[in-house]
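Contents: one structure, followed by commentary.
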Amino acid sequence: MLQSVAATVEDIEQIVIRGRLTLGALVTIPPGHDAVKELLLFGWKRDLQVDFEIVSEAAAPAVPAHVVTVLGSVISPADLGLVAEAIADGGGNITRILRLSLYPVVSYEFTVTGGKFDEIRHSLLLVAAGTPTIDVAVQPEGLGRRSKRLVMLDVDSTLVQNEVIDLLAAQAGVQAEVAAITTLAMAGEIDFETALLDRVSLLKGLPVAAVDAAWSNLSYTPGARTFMRTLRRLGFTTAIVSGGFTLFTDRIRDELKIDYSRANELEVVDGVLTGKLVGPVLDRAQKAQTLREIASSEGIPLEQTVAIGDGANDLDMLELAGLGIAFNAKPIVQAAADTTLSVPYLDAILFLLGITRDEVVAADAS
């Protein structure tokens, strides 16, 4: 029909929701054509609903866009309403809503243009804080978001549910002593390096064979295997970095087929732990440096990297990465990260990257 009135198509967009198709087109009609009449007749004959408006010839100015991702075990209409209200109150315009998943969590992606970004972000964080059943993440839209190529994760309480030092302490029978030092470190009374060295010293005399028993008690975070497998199939470079120990991270690397792993090395002499480390402590600064080195080695700009962690020891790498994600993290980390996630499933991070559940299933099927 548009061809019959010599229309020029300037822009076009289409979306299908459960079999219902919505098609929008921006067209220029030359003088002398009664395009509106022809369009309405075209729709009437085919039982189509047709609407139109006349717009200025001036091109619409480009406006900044952001992506708001909403996740939760259940997302109610009221939850969606609160999100939409927060966006509208900040002057934002929702141009697109896409459901990303129904499993293991429900998630929706809102594309938002215009408005006061800082105000919108603050309002959405308040919505998330006041609605414990959902998480809300806000990111700038653009090539930077869609071109992430390297993902680096913390291990303890992130990729796995355990703290590796506690698993070894259980084998050595020093759980209480290790826990006491951990408590002092978390209270800020001793620094990370001192706490680590003091706890490692308590492992002196533990046969390295006990690592197998400790390994048997290690539990991956739900969704960890799916997350790493999907990243690998989509061509991401993957890395793990830990304040724990290579005796565990090397096994994790091999089992999950991760590209890089970095951690502290326990000294072993004659099959027994000496209570010392080999080399310097891998601390907060070293985690960030590891991200920088791997990105450089792979030729990946830092803005195309993602870092995921939960503790203060992860803060530097979260800040350095193009996207820093606090996963079930301490409050200080949540406050500093680009975005936070509180659901218990690690593969839910895929949805923050704009990857849908259907794409995950398709990758598995292939």
Side-chain angles (χ1 to χ4, degrees), residues 7-29 36 39 43 48-72 75-102 105-131 133-148 303 322-323 325 337-341 348 350-357:
T8 300
V9 177
E10 308 289 351
D11 195 6
I12 190 168
E13 187 168 325
Q14 175 177 299
I15 187 170
V16 177
I17 302 177
R18 294 191 175 273
R20 185 180 181 90
L21 183 149
T22 300
L23 173 66
L26 176 66
V27 299
T28 299
I29 308 295
V36 173
L39 185 61
L48 301 175
Q49 181 178 335
V50 178
D51 194 10
F52 68 91
E53 64 176 309
I54 299 173
V55 298
S56 168
E57 292 183 2
V63 293
H66 292 85
V67 169
V68 176
T69 310
V70 185
L71 309 94
I75 300 177
S76 69
D79 296 333
L80 294 174
L82 289 172
V83 170
E85 184 178 353
I87 292 170
D89 288 348
N93 179 42
I94 300 172
T95 60
R96 181 172 181 258
I97 302 176
L98 172 67
R99 190 190 72 200
L100 297 171
S101 67
L102 289 174
V105 294
V106 180
S107 61
Y108 291 92
E109 180 179 283
F110 294 69
T111 302
V112 180
T113 58
K116 301 175 182 177
F117 173 65
D118 289 341
E119 183 177 322
I120 292 173
R121 178 183 174 86
H122 177 72
S123 297
L124 288 171
L125 292 177
L126 290 178
V127 168
T131 315
T133 56
I134 66 170
D135 285 321
V136 181
V138 186
Q139 305 173 60
E141 174 62 309
L143 289 176
R145 173 175 177 266
R146 297 193 298 272
S147 61
K148 296 294 187 287
E303 57 266 26
L323 175 64
I325 300 174
D338 295 316
T339 191
T340 66
L341 199 61
L350 294 170
F351 310 136
L352 297 183
L353 304 178
I355 300 167
T356 68
R357 180 66 189 177

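To the nearest 0.5 Å, the span separating CG on L125 from CG on D135 amounts to 10.5 Å. In this structure, NE2 on H66 lies 10.5 Å from OG1 on T113, to the nearest 0.5 angstrom. Between the CG atom in D51 and the CD atom in Q49 there is a gap of 7.5 Å [rounded to 0.5 Å]. T95 OG1 to F110 CZ: the interatomic distance, rounded to the nearest 0.5 Å, is 11.0 Å. For the atom pair K148 NZ and I355 CD1, the distance stands at 11.5 Å (nearest 0.5 Å). The OG1 atom of T8 sits 8.0 Å away from the CD1 atom of I29 when rounded to the nearest 0.5 Å.
Under the 4.5 Å side-chain criterion, counting only non-hydrogen atoms from C-beta, D79 is in contact with S76. A heavy-atom distance below 4.5 Å is not found between the side chains of L341 and T339.
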For a side-chain contact (heavy atoms from CB on, under 4.5 Å) check, start with the C-alpha distance between L352 and L71, then their side-chain angles and the critical distance, and finish with the verdict.
CA-CA 9 Å; L352 297 183; L71 309 94; 3.8 Å; yes
Going through the checks in order, is the side-chain contact (heavy atoms from CB on, under 4.5 Å) test met by R357 and F351?
CA-CA 8 Å; R357 180 66 189 177; F351 310 136; 4.2 Å; yes
Any chance you could lay out the side-chain contact (heavy atoms from CB on, under 4.5 Å) test for L323 and L353, step after step, and finish with the verdict?
CA-CA 10 Å; L323 175 64; L353 304 178; 4.1 Å; yes
Report the C-alpha separation of I87 and V68 in whole Å, then their side-chain angles, then the decisive distance to 0.1 Å, and conclude whether the side-chain contact (heavy atoms from CB on, under 4.5 Å) test is met.
CA-CA 9 Å; I87 292 170; V68 176; 4.3 Å; yes
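The shortest non-hydrogen separation linking V105 to A348 is CG2-CB, 4.1 Å. Residues A86 and V127 share a closest heavy-atom pair of CB-CG2, 4.2 Å. The shortest non-hydrogen separation linking R121 to D338 is NH2-O, 2.6 Å. Considering every non-hydrogen atom in both V112 and G92, the closest pair reads CG1-CA, 4.0 Å. Taking both residues in full, the closest heavy atoms of I75 and V70 are given as CD1-O, 3.6 Å, listed atom of the first, atom of the second, then distance. Minimum heavy-atom separation, E119 to D89: OE2-O, 3.4 Å.
For the residue pair S101 and S107, a side-chain donor N or O sits within less than 3.5 Å of a side-chain acceptor on the partner.
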